[in-house]
Q: 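I have a structure here, written as structure tokens, and I will follow up with some questions on it.
Heavy atoms only: backbone and side chains are in, while hydrogens, waters and symmetry mates are out. Chain A is the first sequence line, chain B the second, and so forth, proteins listed ahead of strands; every chain is numbered from 1. Please read these numbers as outputs of a predicted model, since none were measured by experiment.
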Amino acid sequence: MNARHNHFTSRTLLVASLSVVLCAQAAYAQNLWEEGRNIAGTAQGAETGQEADAFIGGKFTSGEFRSPSMGKTVWNAVAQAQAVSAYDDLYLTGNFGFDLAYGTQMMGSMFSDPGFYPVDMLEFTPGNKVKQTYSIGGGLAWKNSSAWTPGITVAFQGINYAKRKDLRHTTYRQDFEITPSVHYKADSFEAGLSAVFGKNSEFITAEQVGQAKAESYMAFLDKGMRYGTMQVWDGSGTHLNEPGVNRFPVKQYTYGAALQASFGGFLYADAEYLRTSGEVGEKGYTWFSFPGQSVSAKLIAAIHGDDMAHLIKAEYQWNAMENHETVTEKVTEGGVTTPRVYGSNLVYRHKDMSAGLSYEGAHENGWNVTGGASLEHARDLGTLMYPFFDDDRSLHLILNAGGGAVLGRFLIRANLTFIQKLGEHSHVVDFADDNLGLTSTPFRLQDWWDREQEAQDATRFVLNAAVRYTFNSGIYIEAACNWIHAFKVVLISGNDRQTTGLKLGYNF
Amino acid sequence: MQTKVLILAAALTAVFTGCMDNGEPYVPENLNRLTVKAVYPDGVATKGGATVSIVEVSSATSYSIKTKENGTAVTDIPNGIYRINVRDRNDDYVFNSTRDKVLISDEDVSLDMEMMPSKAGAIVIKEIYCGGCSKAPKEGTYQSDKYVILHNNSLDTEYLDGLCMGTLSPYNSTGANPWLQDGKLPDFLPVIQAVLAIPGSGTDFPVKPGEDAIVALCGAIDHTAEYPLSVNLNLPEVFALYDPVLFPNTTYHPAPGSNVLPQRYVEVVIKTGQANAYTLSVNSPTFILFRAPKTVDIKDYVQQSANQPQVPGGSEKVVAIPPDWVVDGVEVFYGGSTGNIKRLPETVDAGAVTLSETFKGRTLMRKADETLSAEQGYEVLQDTNNSTEDFYERETQSLHQ
């Protein structure tokens, strides 16, 4: 669950990423249960057989419409394999992926996914960074003669992220999720229940090897809305070099449940509730705690004609997260220093909501068209220094349209997304009490905040296109590109960001 | 039908709007009521208008409110560990009361603050320069140019002869203070490393009202000859700390310049430390001026073992100075840390001035009292025995040309 979006990318971009080119024929025969988490439900709707896909590829990203946390240029090398085996009594899935990314002129966030947590740690010396992402997962469902089908999926991801130039850092991330599910079928009615348990953790270790004074390297601990502590990197306010801890550890637990139901194979509904519980610190030190929750719901209608399938989808997502900063005192007794935590203060609140409608029409010959619209509403409230507060609200419209076609051995897909701010981006900055003689406001990394606001509000479009050629043997080669173009940006150095990629795969 | 659709739309809007409401920025349940009562000494009437300063220790967020006629101030504040100071003055005295590390966490707190009277000093510390500067245009940083400026803040000519000075243990305000027992400072001031004194027979070094005296704690030389961002301490009016036997480190204590008079060399009354140069914290020293009563010979006093306690948990000895011997003192906190701890009691200095960055040529200066200066015709500096109020951080050393 992200506390805030990375406004330099778009959610649509992530969905219609370079690595996915949906086969239009698969869209025609789509199993609606694949929209949800319930592998037991997916298993019930799957035809027997095996399918696997493996590919290696590379991509290159460049362009100045970026945050400093994104590289000026980024090279990726990717290897991925996934397989599905559907038998009469068992349904098995497995996947493995490796992504090596090398970025140049990167600085800013030391986290592998900036914005995922409600805190951030920034450094300010541009340099090259390397990120290795390993992912592995699988699932199985046991189809038996009863109306009940159990299943389970497991997913693990590990990330190593490092910078080799002072202020250098090494970041390790691990993300694990397990989802046991059960599916019930009675004639044309199907229902499912999934439980979700997950843990993710990320540790940042900063280090200075060179001879320059420590004061040469500053770090910024962002406590929400780019308000926080700017200090020499090993100062006590950043917690990067806390005696006894020596790293910045974050962990988050996720638990929740999802309900699914389908009627006659043409109507599918899905509702999910997740709670998260996170904290920053270890070994007795807890500097922040951040609880959160999310609700998501989907309603999909599938209408099959003679040779066309029509999918109409309504989606809703709501996320909320808070960041509490603890009151901690170091107490020394008998020469031993231990931290004591006395309560906390709420310093940041975030809520976002999106609601959208989409349509997909797929022909049995393989071509398809898609279109959709969604509204995204975000609200942030910063309360780092009583009685100062900063209330930020925004509303955006996202439109997208696309399509794909099969022409002989060629598979072509393109998608265009348009993002527009609606109304004014509201900022209310004030003091809840004028009688306290407070003459200062919390430190804000103002230039970063201004650039990120400009990126969030810039009218922009995202174009994705891909062409795949499949040889007789099943080997395919695919070229893809992605282009983001923003209009009327002033603070950000450029209007464009583009990615081109090539992959070689085998479908068997 | 249309009505039903409108009602549904309104209900959905209300639900969605409610889901996006972050609530009020601050609600009473998340705040704590702090009640501070100023308790004046017997014979001093309770009154309003005293300034209550509330500083959150880790973030340095500072609030300021006034007491009402009954001597009480009330406010709501969030959870935190606070340093609370109340200060007031009348025609005769300055009143201060400080409580350090007041924990306020999910409950209301009431404090009775005993207002301690003190008199504003005649000789005060006008400037303390300890943070060093850059060696620019060369690489690196420089801290062998530390000095203190004293100022006569009274109507009478004062004599510096025999005025003692020193820095307290612990050297820095960050980290633990080994002298704290149950959160309380000892009833003496632990002067560490050495006790220094202005020489003289009693009337050798007069300072007229409004005049200054410079004490070079490191080299009394023209540092600007090699490091332009430093200062020139090769001046005839400088008192120079130069003792090549006790402090033989020539990097910090080179032979004074030709303009410095040998009769103005600062005496080392006693050296309890082992360093080969006088140690003054670069980022957060305390510094006091003191005089023993006429009935006490300071040289005898410092030699007595009862007056040389050992630093708890360490091997170094200090000299225990009674607080009422203090003429003036200043406490410096380091802006690069969120864990500064008080070392001076509130009767000496109820607050602390913050040095935000070291090696930038920044210095800590006492503010001028413009009104009194205009009335009395010479520079009068502000002295409330609270360096949070009395001092400010200046961008460059006052002696930098």
Q: Check the surroundings of atom NZ in B:K317: do more than 12 heavy atoms from other residues, nucleotides or ligands lie under 6.0 Å from it?
A: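 Incorrect, the count does not exceed 12.
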Q: Between NZ of A:K351 and CE of B:M20, what distance do you get to the nearest 0.5 Å?
A: 7.5 Å
Q: Quick check for you: to the nearest 0.5 Å, what is the distance between A:S344 atom OG and B:D106 atom CG?
A: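 A:S344 atom OG to B:D106 atom CG measures 7.5 Å (nearest 0.5 Å).
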Q: Does any backbone or side-chain atom of A:T328 lie under 4.5 Å from a heavy atom of chain B? Answer side chain, backbone, both or neither.
A: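 For A:T328, backbone heavy atoms alone lie under 4.5 Å from chain B.
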Q: Should the heavy atoms of other residues, nucleotides or ligands under 6.0 Å from CD of B:Q181 be counted, would the total exceed 12?
A: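 No, the 6.0 Å shell around CD holds no more than 12 heavy atoms from other groups.
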Q: Inspect the surroundings of NZ in B:K367 and state if more than 12 heavy atoms from other residues, nucleotides or ligands are less than 6.0 Å away.
A: yes
Q: Tell me, yes or no, whether the heavy-atom count around B:K360 atom NZ, taken from other residues, nucleotides or ligands under 6.0 Å, exceeds 12.
A: no
Q: Is it the side chain or the backbone of A:Q231 that comes within 4.5 Å of chain B heavy atoms, both, or neither?
A: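 Only the side chain of A:Q231 comes within 4.5 Å of chain B.
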Q: Answer with side chain, backbone, both or neither: which region of B:I81 has an atom nearer than 4.5 Å to a non-hydrogen atom of chain A?
A: both
Q: Report which part of B:K101 has an atom under 4.5 Å of a heavy atom belonging to chain A: side chain, backbone, both, or neither.
A: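 Interface part for B:K101: side chain.
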Q: Of the backbone (N, CA, C, O) and the side chain (C-beta and beyond), which part of A:T326 lies under 4.5 Å from a heavy atom of chain B, both, or neither?
A: neither
Q: Under 4.5 Å, counting heavy-atom pairs only, tell me which of B:P25, B:S64, B:A176 racks up the most with chain A.
A: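 Looking at each option in turn, the highest pair count goes to B:P25.
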Q: Tell me, out of B:T174, B:L103, B:T61, B:L180, who's got the most heavy-atom pairs with chain A below 4.5 Å.
A: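 If we count pairs closer than 4.5 Å to chain A, B:L103 comes out on top.
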Q: Verify, without hydrogens or angle tests, whether A:N345 (side chain) and B:N79 (backbone) share a donor-acceptor contact under 3.5 angstrom.
A: yes
Q: Select one option (side chain, backbone, both, neither) describing which atoms of B:E24 are under 4.5 Å from chain A's heavy atoms.
A: backbone
Q: When only pairs under 4.5 Å are counted, which of A:P387, A:S440, A:P442 shares the most heavy-atom pairs with chain B?
A: A:P387
Q: If you define the side chain from C-beta out and look only at heavy atoms, does anything of A:N435 sit under 4.5 Å from B:I65?
A: no
Q: Between chain A and each of B:V57, B:I77, B:D76, B:I104, count heavy-atom pairs under 4.5 Å; write down the option with the most.
A: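 Winner by heavy-atom pair count: B:D76.
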Q: Once rounded to the nearest 0.5 Å, what's the spacing between atom OH of B:Y26 and atom CZ of A:F431?
A: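 Between atom OH of B:Y26 and atom CZ of A:F431 there are 9.0 Å.
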Q: Given that the side chain runs from C-beta out, which part of B:S58 has a heavy atom under 4.5 Å from chain A: side chain, backbone, both or neither?
A: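 Neither part.
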Q: Begin with the C-alpha distance, continue with both residues' side-chain angles, and end with the deciding distance and a verdict on side-chain contact (heavy atoms from CB on, under 4.5 Å) for B:L31 and A:Y386.
A: CA-CA 9 Å; B:L31 298 173; A:Y386 178 76; 3.5 Å; yes
